[in-house]
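Working notes, structure below.
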Amino acid sequence: MENFVYQNTTKIIFGKDTESLVGKEMSGLGNKVLLHYGGGSIKRSGLYDTVIKALKEADIEVVELGGVMPNPRLSLVREGIKLCKDEKIDSVLAVGGGSVIDSAKAISAGVLYEGDVWDFFTGKAQIEEALPVGVVLTIPAAGSESSTGTVVTNEDGGYKKSAGADILRPKFAIMNPVLTYTLPPYQTSCGLSDMFAHVLERYFTNVPNVELTDRMCEAVMKTIIDNAPKVLNDPNGYDARAEIMWAGTLAHNNLLDTGRIGDWASHGIQHELGGIYDIAHGAGLAIVFPAWMKYVYKHDIPRFVQYANRVWNVDINPFNMEETALEGIRRTEEFFKSINMPVRLNDANIPLDRIEEMAKKGAENGPIGQFLPLDEEDIMAILEIAGDKSLEEGE
Ligand code: NZQ
Ligand code: ZN
């Protein structure tokens, strides 16, 4: 196990009706808040009214900025920064999913920075201060509600990049599973895929002797696998929605990382797809992850065997470990298919004509991934596997 420091400072407020507490929680952070939200789901569900009422009751002045799109855009982040400066806003409330939260985080850091906020994403500057951010989560997926990261798309060039700092962790996250009942099945599935991928990124590590966190990762993955069909078949079932909502946070709040080094190449490759094709993050990961697995499994067959056996209950064939490893990969792909996620590029109508460009951009700052570092050629090969329809038929 590696040395580690772990401090997750996000206060989680979980359960039914908790959104009514948002005024009280925000009043500890400031007096004038930027209320940031997406394309309108919170207005349709009535959550917007609840939040406004709670903020008013807490005597908090509200300035609004809606319109965050999935794969949040840099242009809106810049607009938010200007608004916060003009209006002398002292705190940000994100009501929505990962895109809204990430946009809020980027705004919160950009307001206190003299230069252009994109500098944080290119590595030109480090985030050192930020306005406090609170969250009311409406979709379990990205884990941004208690993560240190923000992912933003720069429309100029189709770059989707991340930035991170401890200071970006939201101060609180209100998580009421009932708020997720209105999710369309596709968004529910994208969330399931993303949180599952967050655990996979951590699971495939080269660090030895990480038994406890291996088991914790396996528990989270098995919980996602068991509850995925339940949330899809019964969208208003509280218990399964609650399991999935909490799993989404635990998958990405860095607890499962402790003492280990995760991979993150699949996320890197997915960001290339997202930057160019605007595909939902979870859907992109369902395409990339199985392809990545097929490309790298020989690097550590025993780890892939452990994954197949413990997560997917595949019987170990002691005479053919590779077969067991491959069966685990096959079941991963089947899982993504069972929740109606695409598993090949053309399932998502993504042509193969720009994979060279994506591979180049993916590796432009050097190899990506820790489990098996990947250069441009490797990324290209993975995208080719992701584009190969025949592999799906097992040919
Ligand atoms: O915009 P509205 O109208 O609110 O609709 C949203 C959006 O269309 C809808 N939605 C959300 N909650 C709903 C709802 N519809 C009905 N009922 C509800 N309760 O769902 C759509 C998707 O929302 P989005 O916020 O984009 O989803 P998600 O949470 O999956 O976030 C994805 C973004 O997070 C980034 C991804 O790259 C992507 O840009 N990530 C952020 C991470 C982080 N900061 O730590 C880590 C992740 O790996 C990920 O990269
Ligand atoms: Zn993700």
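Counting starts at 1 for both ligands and their atoms, in listed order. The first residue in the sequence is number 1, and the count goes up from there.
Between P72 and ligand 1, no pair of N/O atoms sits closer than 3.5 Å. Polar contact check, T180 against ligand 1: no nitrogen or oxygen pair lies under 3.5 Å apart. Here's the thing with G40: one of its N/O atoms is less than 3.5 angstrom from an N/O atom of ligand 1.
Contact annotation for atom 6 (C) of ligand 1: protein absent (non-hydrogen atoms, distance under 4.0 Å).
Atom 4 (O) of ligand 1 has its closest protein heavy atom at S41 OG, 2.7 Å. Ranking protein heavy atoms by distance to atom 25 (O) of ligand 1, first place goes to S99 N, 2.9 Å. For atom 49 (C) of ligand 1, the closest heavy atom belonging to the protein is H281 NE2, 3.3 Å. Looking at atom 28 (P) of ligand 1, its nearest protein heavy atom turns out to be G98 N, 3.6 Å. Looking only at heavy atoms of the protein, atom 48 (O) of ligand 1 is closest to H198 NE2, 2.7 Å. Taking atom 22 (C) of ligand 1 as the reference point, the nearest protein heavy-atom neighbour is Q187 OE1, 3.3 Å. The single protein non-hydrogen atom nearest to atom 41 (C) of ligand 1 is D102 OD2, 3.0 Å, given as residue, atom name and distance. The protein heavy-atom contact nearest to atom 30 (O) of ligand 1 is A141 CB, 3.4 Å.
Ion pairing of K360 with E364 is absent here, as no side-chain N (NZ or NE/NH1/NH2) approaches a carboxylate O to less than 4.0 Å. Salt-bridge check for K160 with D278: failed, with every basic side-chain N at 4.0 Å or more from each acidic carboxylate O. Between D234 and R241 there is no salt bridge, since none of the side-chain N atoms of the basic residue sits less than 4.0 Å from a carboxylate O of the acidic one. A salt bridge links K82 to D86: at least one charged side-chain nitrogen sits closer than 4.0 Å to a carboxylate oxygen. We find that R344 and E333 are joined by a salt bridge, their nearest charged nitrogen and carboxylate oxygen being less than 4.0 Å apart.
Distances below 4.0 Å separate heavy atoms of L179 from the following atoms of ligand 1: 19 (N). Interface of T138 with ligand 1, defined as ligand atoms under 4.0 Å from a residue heavy atom, comprises 11 (C), 12 (N), 13 (C), 18 (C), 19 (N). For ligand 1, the atoms sitting less than 4.0 Å from at least one non-hydrogen atom of G149 are 43 (C), 44 (N), numbered in the order shown with element in parentheses. Ligand-side atoms of ligand 1 in range of G39: 1 (O), 2 (P), 3 (O), 4 (O), range being under 4.0 angstrom from any heavy atom. Within ligand 1, the atoms closer than 4.0 Å to a non-hydrogen atom of T182 are 16 (C), 17 (N), 18 (C), 19 (N), numbered from 1 in the order shown. Below 4.0 Å from some heavy atom of K160 lie the following atoms of ligand 1, by number and element: 36 (C), 37 (O), 38 (C), 39 (O). If you number the atoms of ligand 1 from 1 as listed, the ones under 4.0 Å from a heavy atom of G38 come out as 1 (O). Numbered from 1 in the order shown, with element, the atoms of ligand 1 that lie under 4.0 Å from a heavy atom of S147 read 43 (C), 44 (N), 45 (O).
Closest to the Zn ion (ligand 2) among the N, O or S atoms of D194 is OD1.
Remark: among candidates G66, A142, A197, the nearest residue to atom 34 (O) of ligand 1 is A142, based on non-hydrogen atoms. In the candidate list T188, L183, N254, D278, L183 is nearest to atom 13 (C) of ligand 1, counting heavy atoms.
Residue I244 holds its CD1 atom at 5.0 Å from CG of L192, rounded to the nearest 0.5 Å.
Both the sub-6.0 Å distance and the 45° axial angle are satisfied by R303 relative to the ring of Y203. A cation-pi arrangement is absent between K11 and F172, since the terminal nitrogen or guanidinium carbon is not both under 6.0 Å from the aromatic centre and inside a 45° cone about the axis.
Side-chain N/O atoms of S162 and H271 include no donor and acceptor closer than 3.5 Å. A donor and an acceptor atom, one from each side chain of N71 and T153, are nowhere located under 3.5 Å apart. Looking at E322 and Y297, their side chains do bring a donor and an acceptor atom within 3.5 Å of each other.
The aromatic rings of W292 and F304 lie tilted to each other, with the angle between the two planes from 30° to 60°. Between W118 and F121, the ring planes are parallel. Angles under 30° get that label, and only those over 60° would be called perpendicular.
Using a 4.0 Å heavy-atom cutoff, P184 is listed among the residues neighbouring ligand 1. Not close to ligand 1: Q270, with no non-hydrogen atom less than 4.0 angstrom away. Distances from ligand 1 to the non-hydrogen atoms of N71 include at least one value under 4.0 Å.
Sorted by first and then second residue, the salt bridge (charged side-chain N to carboxylate O under 4.0 Å, His left out) pairs involving residues 307-318 (not counting sequence neighbours) are E211-R310, E218-R310.
No option in L179, T138, D49 other than T138 meets the side-chain contact (heavy atoms from CB on, under 4.5 Å) test with I42.
Taking backbone and side chain together, H252 holds no N, O or S atom under 2.8 Å from the Zn ion (ligand 2).
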